[in-house]
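The shown structure was predicted, so the numbers you read here are calculated from the model rather than taken from an experiment.
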Amino acid sequence: MDIMQVLGDYILLVGMIILLAKLWLTKNCAGISGKTQLLHALAFTARFTDLTVTHVSVYHIILKTVYVLASYLTVLTIFLLFRRTRERKFDAFRMELLVLPCAVFSLFLSERFETIAVLQTFGLFLQSVAIVPQVYLVSKRKQVEAIVVSYVACLGLHLGCYISHWLYVYVKHSQVDRIAVSSGIVQLLFYCDFFARNLPILKAKRSLADVEQQRQQRVQDTSCNANADGSSPAADSTTRDPATVSAAAAATVGTDRVTSFDETAAQPAATSHHHHAYKFRLEQLAKDRGSDSDEKATLLMASSKELRAARH
């Protein structure tokens, strides 16, 4: 047992304590997958069954016992004490899709066809996929709690320490546990996917890229619609602009009002002109005494008709 293995064990213990502290302090299990915790509890139970038949160090007995008790305490806290705050609609991944394949693979891939060996292999396989319900919950919930990120980070660091331990054993003793390494690689892929989706820096970059892509898509849609209508986007926006339409309507109304005012003002002017002409003719008739009376009457009637027509 080297320093990296011990460091990995304590990091995993810190992650479990962080999760329990979050549950008991907030009295809320929102954002935490109860199914992931149940799978972890089953995986630890299956892996540590050798404690009953094999003599190991006191350190391993205490540490493995604490792992099992802490995992089941987390499960009881989520499913019993704070079950009303559990997000069932998000934590809906079907565990049988993970448990059954792991059970089948452990039967065929175990190094020895013995109960303890098969259970340990099953525990390793199940632990490698236990994070899947948590990843599923976060993807459906569209947000992740900071405590959950810290907990998964502890799991990832624990795995990183064990990978370093496996490399050390391979370099020094030329030995490799194929089942442990293969399950660790699968587990590492799920952790990388989780952090790629939920790290704040990566999420901010992805959000900016999505916004830019949506903007370009809107520009393309606008251009396509303008081409289909046979008009340019500028002309279409000018035609649909409420301010432009209101200004045009006001100008039209103003032009109509000016025209009506000019026509109204011209009517009295025409009437005054005809009135003066009528008076002038009457004066001519009064001065012209030698003219024929029939001609005077005709001129008077014509002047009266013109005056009435001008007034109307």
Side-chain angles (χ1 to χ4, degrees), residues 1-16 35-72 74 95 97-135 151-195:
M1 185 174 61
D2 64 311
I3 187 64
M4 297 305 297
Q5 187 178 8
V6 175
L7 183 61
D9 292 338
Y10 282 113
I11 289 176
L12 178 59
L13 182 60
V14 169
M16 299 176 74
K35 293 183 177 181
T36 288
Q37 300 307 314
L38 182 58
L39 291 176
H40 274 301
L42 293 176
F44 288 145
T45 303
R47 283 185 59 189
F48 302 151
T49 50
D50 60 340
L51 293 177
T52 59
V53 296
T54 306
H55 176 71
V56 292
S57 63
V58 177
Y59 167 80
H60 282 95
I61 293 176
I62 296 176
L63 189 67
K64 292 179 179 180
T65 304
V66 171
Y67 282 169
V68 173
L69 293 178
S71 60
Y72 278 107
T74 304
M95 290 192 302
L97 297 178
L98 301 175
V99 175
L100 294 179
C102 289
V104 174
F105 289 153
S106 63
L107 290 174
F108 291 97
L109 300 178
S110 178
E111 295 180 354
R112 301 184 309 274
F113 196 72
E114 299 176 357
T115 303
I116 300 298
V118 171
L119 286 176
Q120 287 180 337
T121 304
F122 171 73
L124 286 172
F125 287 158
L126 191 61
Q127 187 177 0
S128 66
V129 297
I131 196 64
V132 173
Q134 182 66 59
V135 176
Y151 168 72
V152 178
C154 290
L155 296 181
L157 291 175
H158 162 75
L159 180 61
C161 292
Y162 264 79
I163 290 175
S164 301
H165 167 68
W166 295 332
L167 291 175
Y168 170 77
V169 172
Y170 177 75
V171 171
K172 188 173 182 179
H173 303 287
S174 298
Q175 296 178 357
V176 59
D177 189 346
R178 292 176 297 175
I179 296 177
V181 171
S182 59
S183 61
I185 292 173
V186 173
Q187 192 174 3
L188 180 63
L189 293 177
F190 284 120
Y191 290 156
C192 291
D193 177 71
F194 178 85
F195 287 115

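Considering every non-hydrogen atom in both T49 and A46, the closest pair reads OG1-O, 3.1 Å. Between P133 and V129 the shortest heavy-atom distance is CD-O, 4.0 Å. Closest approach of M16 and A70 over heavy atoms only: CE-CB, 3.5 Å. The two atoms that bring F122 and V99 nearest to each other are CE1-O, 3.7 Å, heavy atoms only. In plain terms, the two heavy atoms of L126 and A43 that are nearest each other are CD2-N, 3.9 Å. When all heavy atoms are compared, the tightest approach of T36 to Q134 is OG1-N, 2.9 Å.
Residues passing the salt bridge (charged side-chain N to carboxylate O under 4.0 Å, His left out) test with K35: none are found, sequence neighbours excluded. The ring-ring contact (aromatic ring centres under 6.0 Å, His included) search around Y72 returns none, not counting sequence neighbours. Take R112 and apply the salt bridge (charged side-chain N to carboxylate O under 4.0 Å, His left out) test, not counting sequence neighbours, and it matches E114. Applying the ring-ring contact (aromatic ring centres under 6.0 Å, His included) rule to Y191 yields no partners; only residues at least two apart in sequence or on another chain are considered. With sequence neighbours excluded, no residue forms a salt bridge (charged side-chain N to carboxylate O under 4.0 Å, His left out) with D177. Under the ring-ring contact (aromatic ring centres under 6.0 Å, His included) criterion, F190 pairs with no residue, sequence neighbours left out.
Distance check, rounded to the nearest 0.5 Å: OG of S106 to CG of L119 gives 8.0 Å. Note that CD1 of I163 is 8.5 Å distant from CD of Q187, once rounded to the nearest 0.5 Å. Rounding to the nearest 0.5 Å places CG of L12 at 8.5 Å from SG of C154. Note that CG of L155 and CG of L159 are 9.0 Å apart. Values are rounded to the nearest 0.5 Å. Annotation: the span from L189 atom CG to I131 atom CD1 amounts to 13.5 Å, rounded to 0.5 Å. Note that CE of M4 is 4.0 Å distant from SG of C161, once rounded to the nearest 0.5 Å.
Classification of the Y162-H158 ring pair by plane angle, with boundaries at 30° and 60°, yields tilted.
With contacts defined as side-chain heavy-atom distances shorter than 4.5 Å, the pair L51/F48 qualifies. A heavy-atom distance below 4.5 Å is not found between the side chains of V181 and Y170. Using a 4.5 Å heavy-atom cutoff, the side chains of K64 and D50 are in contact. Two residues are said to be in side-chain contact when any heavy atoms from C-beta on lie closer than 4.5 Å; L39 and M95 meet this criterion.
Side-chain atoms of S110 do not come within 3.5 Å of backbone N or O of L107 as any donor-acceptor pair. Using a distance-only test at 3.5 Å, with no hydrogens or angles considered, no donor-acceptor pair links the side chain of S128 to the main chain of G184.
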Should Y67 and D9 be marked as a side-chain contact (heavy atoms from CB on, under 4.5 Å) after you check the CA-CA gap, both sets of side-chain angles, and the distance that decides it?
-> CA-CA 10 Å; Y67 282 169; D9 292 338; 3.5 Å; yes
Can you list the steps and then say if L188 with C192 is a side-chain contact (heavy atoms from CB on, under 4.5 Å)?
-> CA-CA 6 Å; L188 180 63; C192 291; 4.2 Å; yes
Step-by-step side-chain contact (heavy atoms from CB on, under 4.5 Å) determination, F125 to I179 = CA-CA 8 Å; F125 287 158; I179 296 177; 3.8 Å; yes
